[in-house]
Amino acid sequence: MDIINYTEEHRIFRDAVRKFFEKEVIPFTEEWEEAGIVPKSVWKKMGEQGFLCTDVPEEYGGVGADFLYSVILTEELGKTGCMGLATPLHSDIVVPYITSYASEELKKKYLPGCVSGEIITAVAMTEPNTGSDLAAIRTTAVEDGDHIVLNGQKTFISNGINCDLLVLAAKDPNIEDPYQSIDLYLVEAGTPGFEKGKRIKKVGWRSQDTAELYFSDCRIPKSNILGRKGGGFIMLMEKLQQERLMCCVIAQIAAERMLEMTIKYTKERTAFGRPISKFQHSQFKIVDMATEIKLGRTFVDKLVMDHMEGKNVVIEVSMGKYWIAEMAMRVADGCVQLHGGYGYCEEYPIARAWRDTRVMSIFAGTSEIMKGIAAKFMGL
Ligand SMILES: Cc1cc2nc3c(=O)[nH]c(=O)nc-3n(C[C@H](O)[C@H](O)[C@H](O)COP(=O)(O)OP(=O)(O)OC[C@H]3O[C@@H](n4cnc5c(N)ncnc54)[C@H](O)[C@@H]3O)c2cc1C
């Protein structure tokens, strides 16, 4: 039984998205992997089609669509294997901070551009000295009249080179309690004192422009704060449910894609006079992976529905983030093994999929941090 009941409109939308990706993304993915970045023009094309920030209300240029449109976009993007085009990060993780917490003036200023693809966003929390322990960030935000002066460094920032607008986590050094001292600010690219550093060379997600960012006496208007002063930590916590759920969707679709390509390969490749899919070990391995994938699909679809109903599923989403990511890693490994030597060759898509899967238990909160959150909320 299907857990999610997609409507006819959803299906039509999925077809349109798939066709768009087949034409505008899949043929260029290799080129972008080599370049280490996706051109901004693709973002604008997606914006023209209404494929960015589908949940943004009409008054700010969006269509106020339900969350399933985000799920569809993320799943179809996952099927392309082009992990560098981080539009789910923009549409479903970063822009929601603006939609939920920015002042009316900031929403009017930035949201239409986020929807059209003129503005690409990023979120900068992680620093060289700290990732998991957000309270230990050192980037400072100090009031100076009508301005905030930013100083510090961020690393591992997805869309770091392409970004036009940043949601930055920084702390007020005059406030001792780390949970009260963090705020979120909007910082435009090009603001004096905000420098984009080098693009980080990664094992996978090579077409993603993950970068270091630097702030040196960078002055932004005081009004660029999101929410109330001192509320940064709470806002981050409030939005993490959706962020981690999107990670579940990404990992789940990756696992499904890898198994699909592996089943096809094992039916075509022969050894000892028969397709390798006919060996009992191959069959058992494939069934093992398919079973885990079905469990993941049931879990993630249920989480999507619960999230849409406004339920607090922090425990379950934390469990899903680590379990589905690690399941996808197990599937990646099993699929490479079934490809034999070709699984280790770049010209076979399973090789890149394997590299791209590894990071899923690390970013947006490691598996260990997810287990820690689940344990805490379970009262352990
Ligand atoms: C490709 C990529 C994209 C990213 N994109 C972004 C982005 O857009 N914005 C952003 O802000 N960040 C981003 N990150 C950063 C990412 O969120 C961090 O790498 C992640 O949170 C882990 O932090 P860390 O790398 O500092 O590892 P550390 O925190 O140093 O952790 C190292 C190890 O110690 C373990 N550990 C740490 N604390 C505990 C604990 N309390 N209990 C048990 N184990 C623990 C971790 O689980 C991990 O195994 C990205 C990272 C990557 C690789």
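Counting starts at 1 for both ligands and their atoms, in listed order.
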Q. Taking atom 31 (O) of ligand 1 as the point of reference, which of Gly365, Ser132, Ser361 owns the nearest heavy atom?
A. Ser132
Q.
Looking at ligand 1, is there an atom of it that comes within less than 4.0 Å of some heavy atom belonging to Gly372?
A. no
Q. Would atom 28 (P) of ligand 1 count as contacted, meaning some protein heavy atom under 4.0 Å?
A. yes
Q: Using distance alone, decide if ligand 1 has a nitrogen or oxygen within less than 3.5 Å of any nitrogen or oxygen in Leu89.
A: no
Q: Treat each ILVMFWY residue as a node, draw an edge where side-chain heavy atoms are under 4.5 Å apart, and state whether Tyr69 and Ile3 are in one component.
A: yes
Q) More than 12 heavy atoms of other residues, nucleotides or ligands under 6.0 Å from CD of Glu195: is that the case? A) no
Q) If you count the non-hydrogen atoms of other residues, nucleotides and ligands that lie under 6.0 Å from CD in Glu104, is the total more than 12? A) yes
**Q.** Distance from atom 9 (N) of ligand 1 to nearest protein heavy atom, with residue and atom
**A.** Val123 O, 2.9 Å
Q: Start with the C-alpha distance between Ser116 and Lys44, add both sets of side-chain angles, then the distance that settles side chain to side chain donor-acceptor pair (under 3.5 Å), and finish with yes or no.
A: CA-CA 6 Å; Ser116 70; Lys44 289 200 186 124; over 6 Å; no
Q | Interfacing atoms of ligand 1 (cut-off 4.0 Å, heavy-atom, Ala364) | A | 17 (O)
Q) If you measure every N/O of Asp133 against every N/O of ligand 1, is any gap under 3.5 Å? A) no
Q: Salt-bridge test for Arg11 and Glu8: reply yes if a basic N is under 4.0 Å from a carboxylate O, no otherwise.
A: yes
Q: Report the member of Val203, Ile362, Ile369, Leu213 with the shortest heavy-atom distance to atom 41 (N) of ligand 1.
A: Ile369
Q) In the protein, which heavy atom is nearest to atom 2 (C) of ligand 1, and how far is it? A) Phe363 CD2, 4.0 Å
Let me check something: any side-chain donor-acceptor pairs from residues 52-59 under 3.5 Å, sequence neighbours excluded? List them with distances.
none

**Q.** Thr155, any N or O under 3.5 Å of ligand 1 N or O
**A.** no
Q: Give yes if a backbone or side-chain nitrogen or oxygen of Val359 is under 3.5 Å from a nitrogen or oxygen of ligand 1, and no if not.
A: no
Q. Among all protein non-hydrogen atoms, which one is nearest to atom 8 (O) of ligand 1, and what is the separation to 0.1 Å?
A. Ser158 N, 3.0 Å
Q. Is atom 35 (C) of ligand 1 in close reach of the protein, with a heavy atom under 4.0 Å away?
A. no
Q: Return the residue, atom name and 0.1 Å-rounded distance of the protein heavy atom closest to atom 51 (C) of ligand 1.
A: Phe156 CB, 3.7 Å
Q | Test item: Phe21 and Leu77 side chains (from C-beta on) under 4.5 Å apart, heavy atoms | A | yes
Q: Return yes when at least one protein heavy atom is under 4.0 Å from atom 15 (C) of ligand 1, and no when none is.
A: yes
(Q) So, regarding Thr366 and ligand 1 (criterion: nitrogen or oxygen to nitrogen or oxygen, under 3.5 Å), is there a contact or not? (A) yes
Q: Return a yes/no value: protein heavy atom under 4.0 Å from atom 11 (O) of ligand 1?
A: yes
Q: Could you tell me whether atom 49 (O) of ligand 1 has at least one protein heavy atom nearer than 4.0 Å?
A: yes
**Q.** Any donor-acceptor N or O pair under 3.5 Å, side chains Ser361, Arg358
**A.** yes
Q) Is any N or O atom of Gly131, backbone or side chain, closer than 3.5 Å to an N or O atom of ligand 1? A) yes
Q: Pull out every atom of ligand 1 sitting under 4.0 Å from any heavy atom of Met125, numbered as shown with elements.
A: 10 (C), 11 (O)
Distance-only criterion, 3.5 Å: show the donor-acceptor pairs between side-chain atoms of residues 284-293 and protein atoms not counting sequence neighbours.
from, atom 1, to, atom 2, distance (Å)
Thr291, OG1, Val287, O, 2.7
Glu292, OE1, Arg330, NE, 3.1
Glu292, OE2, Arg330, NE, 3.3
Glu292, OE2, Arg330, NH2, 2.6

Q | Test side-chain hydrogen bond (donor to acceptor under 3.5 Å, both in side chains) applied to Arg352 and Glu347, Glu30, Glu346, the passing residue | A | Glu30
Q. Is there a nitrogen or oxygen of Thr126 sitting under 3.5 Å from a nitrogen or oxygen of ligand 1?
A. yes
Q.
Measuring only between side-chain heavy atoms, which start at C-beta, is Lys154 closer than 4.5 Å to Leu168?
A. yes
Q: Decide if atom OH of Tyr179 counts as having more than 12 heavy atoms of other residues, nucleotides or ligands within a radius under 6.0 Å.
A: no
Q: Report the relative orientation of the aromatic rings in Phe28 and Trp32; use parallel for angles under 30°, tilted for 30 to 60°, perpendicular for over 60°.
A: parallel
Q.
Checking a contact table here: which protein heavy atom is nearest atom 45 (C) of ligand 1, and how many Å away?
A. Glu368 CB, 4.3 Å
